[in-house]
Amino acid sequence: MFNDILINFGLNASDYQVQPFGSGLINHTYKVSGVNQSYILQQINNSVFKDPDAIDHNLALIKDYLDKNSPDYLFVAPIKGKEGKSIIQSANGDFYRLFPFIEGSHTVNFLQADREAFNAALQFGRFTHLLNNFDINKLSYTLPDFHNLKLRFEQFKQAATDTATDKLEEASAEIREAYNNANIAHTYNQIVQNSEIPLRVIHHDTKINNVLFDDKHNALCLVDLDTVMPGYYLSDVGDMMRTYLSAANEEEKQLDKIVIRQEFFKAIYAGYMAEMGGILTDAEKQLFIFSGQMMIYMQGLRFLTDFLNNDIYYGAQYEGHNLMRAKNQFRLLSEYQKAIPEFESIIAGVNKELLDTTGV
């Protein structure tokens, strides 16, 4: 079924085996295994990414910039096909691209060691650091309003207005949580309206399986770059907080298992600031802890909104699935907020260690 795609990339399909690969939910991913070389083939979900050419445009610009300015950086860019484009459209209208497979690499689906969190944060920070002087105005928005908390809050309010009474009753506790934490959305709105912090080139999807590791748990590079576009650094740091701090992920139904691992917060802060500490503005640094509240709250809103809208975006594997996900995220938000004094102490400690070491 992939013959015409592989041919367009200059590969003889009979020389390779194609098998499903990874655990991504948005795009379908396959490993193309050959005797001398292997590749990753990915089908772009164009119901989510409405303009696949925008992805191709962004990654080509970034690859060119990094090749010129940071040639030793491992940027896993898509391979260009025979016509010079890295996105190939199949006969049935699907979009595909091909990447080199990084030998000796693996992904991690569940963080077990804070060292992994440190190295992941270091990689995401390095990516934005290396692109600090890149002209972000050249980039397209591959997912417009992806992390626009103002929009997500308005969508929630509309869903709470339009939904059936029985759903409102079932989700009444979560709706209260959403309104009780509306100050997070208000703070975000103020940041945007007053242009308090700059836009940067960021990844926008910093879950741990978007980092490739070697066998010694060192982070090698970033993958799944479809969402690379201008944004606030809060999105990358906040999503690490949301997905790294608790061993229980967003599918966990036993809410008492949602516990904040403070050593992972320290790892995220130390890793990210090792790359970005000299670049972030003072205003950005003041919002480091807020980033976690922002992203956890936004994801809670999105799950709750989808439940109220009859699961039209995320879908549901069982009755009330997205409501359960919302309960999960609001519990995580509560635990995160309780830990803020400890987070502040950790930041002060790491900064003191840095000062004692460097004298800067």
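Keep in mind it's a predicted model, so treat the numbers as computed, not measured. Every heavy atom of this structure was used, including side-chain atoms; hydrogens, water molecules and symmetry mates were not.
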Inspect the surroundings of [atom1] in [X] and state if more than 12 heavy atoms from other residues, nucleotides or ligands are less than 6.0 Å away.
| X | atom1 | answer |
| --- | --- | --- |
| E83 | CD | no |
| H217 | NE2 | no |
| Q286 | CD | no |
| F110 | CZ | no |
| K80 | NZ | no |
| E196 | CD | yes |

Heavy-atom closest pair, residues [X] and [Y]:
| X | Y | result |
| --- | --- | --- |
| K157 | Y179 | CG-OH, 3.6 Å |
| F2 | L41 | CD2-CD2, 3.7 Å |
| F75 | L59 | CE2-O, 4.0 Å |
| T206 | H203 | N-ND1, 4.3 Å |
| Y233 | R200 | CB-CD, 4.5 Å |
| S90 | I5 | CB-CD1, 3.6 Å |

Over 60° means perpendicular and under 30° means parallel, so classify the ring planes of [Y] and [X], tilted if in between.
| X | Y | answer |
| --- | --- | --- |
| Y297 | F330 | tilted |
| F303 | Y314 | tilted |
| F153 | F156 | tilted |
| Y232 | Y188 | perpendicular |

Side-chain ([X]) to main-chain ([Y]) donor-acceptor, under 3.5 angstrom:
| X | Y | result |
| --- | --- | --- |
| S70 | Y73 | no |
| D306 | Y313 | yes |
| T128 | V201 | yes |
| K285 | G277 | yes |
| T305 | R302 | no |
| T163 | L308 | yes |
| S291 | F288 | yes |

Is it the case that the side chains of [Y] and [X] hold a donor-acceptor pair, with the cut-off being a distance below 3.5 Å and no angle test?
| X | Y | value |
| --- | --- | --- |
| R115 | N218 | yes |
| Q329 | R242 | yes |
| Q158 | D162 | yes |
| Q42 | T29 | yes |

Between [X] and [Y], is there a shared hydrophobic cluster once you connect ILVMFWY residues whose side-chain heavy atoms come closer than 4.5 Å?
| X | Y | value |
| --- | --- | --- |
| I202 | M298 | no |
| I62 | M229 | yes |
| L111 | I268 | yes |

Are [X] and [Y] close enough that some pair of their side-chain heavy atoms sits under 4.5 Å apart?
| X | Y | result |
| --- | --- | --- |
| I279 | H129 | yes |
| L234 | M295 | no |
| F290 | I191 | yes |
| Q17 | V32 | no |
| N8 | Y96 | no |
| F124 | V237 | no |
| V211 | L222 | yes |

Sidechain N-carboxylate O distance under 4.0 Å for K266, E353: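 So K266 pairs with E353 through a salt bridge.
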Pair E170 + K167, salt bridge at N-O below 4.0 Å: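 Salt bridge flag = no for K167 with E170.
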Chi angles and distances behind the ring-ring contact (aromatic ring centres under 6.0 Å, His included) call for F99, Y39: CA-CA 6 Å; F99 298 88; Y39 303 90; over 10 Å; no
Set of residues satisfying salt bridge (charged side-chain N to carboxylate O under 4.0 Å, His left out) with respect to D53, sequence neighbours excluded: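 Testing D53 for salt bridge (charged side-chain N to carboxylate O under 4.0 Å, His left out), a comparison that skips the adjacent residues, returns K85.
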Partners meeting side-chain contact (heavy atoms from CB on, under 4.5 Å) with L255 (sequence neighbours left out):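 I258, M324, K327, N328, R331.
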Verdict with reasoning, E250 to R325, per salt bridge (charged side-chain N to carboxylate O under 4.0 Å, His left out): CA-CA 6 Å; E250 63 194 26; R325 287 165 161 165; 5.2 Å; no
